[in-house]
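Order of the sequence lines fixes the chain letters, A, B, ..., with proteins taken first and strands second; residue numbering starts at 1 for each chain.
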Number of protein chains: 2
Amino acid sequence: MPRSRSQPRDALSKDRIEEVALALVEQVGLEGFSTRKLATELGCEAMSIYHYYPSKAHLLDALFDRLIGGLPADQLTLSWRERLDRTVFAYRGMAHRNPRFFPYIALHRHNTAVGLAWLERMLTIFRDAGLDSEQTARFFRVIGYYVIGALIDETSGYAKGHSAADPVPDSVAADAYPNVAAVNPWFKPSEHEATFRLGLDALVDRVEAVAAGGGQGEGPLPAEGLRPLRPASLRARSSRSSSR
Amino acid sequence: MPRSRSQPRDALSKDRIEEVALALVEQVGLEGFSTRKLATELGCEAMSIYHYYPSKAHLLDALFDRLIGGLPADQLTLSWRERLDRTVFAYRGMAHRNPRFFPYIALHRHNTAVGLAWLERMLTIFRDAGLDSEQTARFFRVIGYYVIGALIDETSGYAKGHSAADPVPDSVAADAYPNVAAVNPWFKPSEHEATFRLGLDALVDRVEAVAAGGGQGEGPLPAEGLRPLRPASLRARSSRSSSR
DNA sequence: ATCCATAGCCTTACAACGTAAGGCCTCTTC
DNA sequence: GAAGAGGCCTTACGTTGTAAGGCTATGGAT
């Protein structure tokens with residue numbers, strides 16, 4: 001019997017550590033996740049984990065790679081719009097399956113090999129839609145922004161629910177803020193997907209309009225030559241600032 | 001001389017604590033921000049801060065309230081589109097002035113009185129655009145998602161720059177991921193505002209189209225009756241999932 | 001003038017954190 | 001059998017949020 005010191009657990013491995021780590025994050029949240037708790041869960045000591053990862057940050061990056069790398073492959077035979085749709089919803093599914101880990105994905109720059117491969121794949125879809133480099137860059141960013149922002153909200157129900165300070169009681173809220181009260185039914189999780197699609201469609205429609213001829217999706221839009229990408233409002237305005 | 005114990009600093013107050021705290025967060029980041037460092041900066045001991053706030057979380061919420069509460073008032077005489085534009089850009093300016101604190105704003109539910117007042121104000125703009133409750137709810141969410149996602153990215157340059165794990169060297173990245181390399185010039189901070197506007201305009205144009213008659217901003221769009229809000233794609237599809 | 005409550009700030013202490021330094025087995029390879 | 005490496009652990013340090021309680025100066029009540 002080579003190992004009978006503590007629990008009769010399996011031997012350590014990157015695979016097992018990462019699987020258990022992801023599960024633990026979902027139990028205790030990102031804040032509550034520590035190497036010591038992970039060690040307890042694994043049936044080993046905290047420092048044993050450092051044999052496999054040089055630091056906690058490296059472990060978290062490995063979790064990122066594992067989740068992103070686990071997404072299904074691009075279906076190159078489909079239309080770009082269908083490919084984009086599937087890729088976005090696969091990403092969304094991953095976020096929903098790991099709601100408490102998702103903020104880590106959303107907040108950190110991931111210039112790992114896996115992260116770059118994922119980025120490359122997304123960009124290819126926009127290229128295949130007929131966008132040039134600038135359009136690809138901007139619309140990838142725009143849609144990425146939207147998806148990240150949406151998923152942060154959709155997954156935050158599982159995470160830290162409320163501010164630690166005194167939340168305003170619901171009864172007071174309803175009276176003092178009528179629009180908030182009126183709008184509340186559409187903020188429920190059951191409405192998340194419909195709302196998500198609404199915004200995504202608006203953005204992807206714009207991509208389609210731009211790809212179809214540089215138009216903006218406004219007006220009649222049947223091919224009217226190559227208008228510049230940026231709407232007038234973009235050229236006219238400069239950054240606004242204000243407040244404290 | 002009532003106070004000459006340590007530094008000849010001013011007396012403590014919520015106002016001073018919060019001002020110094022915001023500055024410190026920008027120096028050391030959210031992770032590095034601790035009550036002890038704040039105390040040193042204030043010229044007092046860590047526990048003195050707890051006389052003004054019951055916990056660190058309460059202090060952070062106060063910082064949120066201070067920043068949101070400091071945004072300029074809505075200009076009710078302007079068009080809804082101009083009001084929305086100014087509000088969004090005022091928010092963006094605040095985020096850029098507090099880049100390292102912004103993730104806290106983006107990630108937490110803020111049901112404080114200030115947070116709800118802000119929400120109420122945003123919703124009013126959508127109502128004034130002519131949207132009903134459902135449309136207001138959904139488009140507020142959609143635009144909020146986009147703005148939060150965009151600002152997380154725009155401000156993250158100042159925050160934790162890279163993954164702790166081995167980042168792929170730029171030279172390798174350029175060869176292995178051609179689209180990433182081609183697109184890189186448009187990812188620079190100098191392009192942030194143009195990209196931000198591109199997506200925002202796409203979404204607000206959709207709001208305008210919907211407000212003008214339930215259309216989708218596609219096609220000719222002159223008032224063609226009240227079509228249902230949701231595009232066909234929304235009704236036909238169910239949540240997709242996949243991967244590991 | 002005295003008393004006492006309160007406000008304001010500090011001291012001490014504890015449990016939990018990431019992780020550096022190094023030790024102790026057990027297995028592989030010669 | 002020797003040597004080395006792989007795999008896991010022990011101990012320890014500095015940092016964190018904050019509970020518990022002490023000290024002092026102020027201000028109102030008596």
Distance check needed: C/dA7 C1' versus B/K14 NZ, whole Å only.
14 Å
Rounded to whole Å, how long is the line connecting atom CG of B/L24 with atom P of D/dT16?
11 Å
Less than 4.0 Å between a side-chain N and a carboxylate O, is that true for A/E134 and A/R138?
yes
Cationic N near anionic O, under 4.0 Å, A/R92 to A/E154
yes
Output the rounded distance in Å from CD (B/E45) to P (D/dT18).
17 Å
According to a strict under-4.0 Å criterion, is B/Y52 in side-chain N/O contact with OP1 or OP2 of C/dC9?
yes
Which atom pairs link the protein and nucleotides 19-22 of chain D when you take only N or O atoms and keep those under 3.5 Å?
none

Aromatic ring pairing A/Y146/A/F196, orientation class (parallel under 30°, perpendicular over 60°, tilted between)
parallel
Within this structure, what is the CG-to-P distance between B/L12 and D/dA25, rounded to whole angstrom?
17 Å
For the residue pair B/W118 and B/Y91, categorise the inter-ring angle as parallel (less than 30°), tilted (30 to 60°) or perpendicular (more than 60°).
parallel
Ranking C/dC10, D/dC9, C/dC9 by distance to the side chain of B/C44, first place goes to C/dC10
Flag the pair B/R66 and B/E19 as a salt bridge only when some basic side-chain nitrogen lies within less than 4.0 angstrom of an acidic carboxylate oxygen.
yes
Determine the interplanar angle of the B/F64 and B/H110 rings, folded into 0 to 90°, and report it as parallel if under 30°, tilted if 30 to 60°, perpendicular if over 60°.
parallel
Atom NE2 of A/H51 and atom C1' of D/dC9: how far apart are they, to the nearest Å?
12 Å
First locate atom CG of A/L151, then atom OG of A/S156, and finally report the distance between them rounded to the nearest 0.5 Å.
10.5 Å
Main-chain N/O of A/N179 paired to B/E120 side chain as donor or acceptor, under 3.5 Å
yes
Output the rounded distance in Å from CG (B/L38) to P (D/dT18).
13 Å
Which heavy atom in A/P185 sits nearest to a heavy atom in A/A182, and how many Å separate them?
CD-O, 3.4 Å
Return the nearest nucleotide to the side chain of B/A11; candidates are C/dT19, D/dC8, C/dC9.
C/dC9
Polar pairs (N or O, both sides) under 3.5 Å between protein and nucleotides 13-17 of chain C?
residue	atom	partner	partner atom	Å
C/dC17	OP1	A/S34	OG	2.9
C/dC17	N4	A/R36	NH2	3.3

Separation of C/dG8 P from B/L42 CG (nearest whole Å)
15 Å
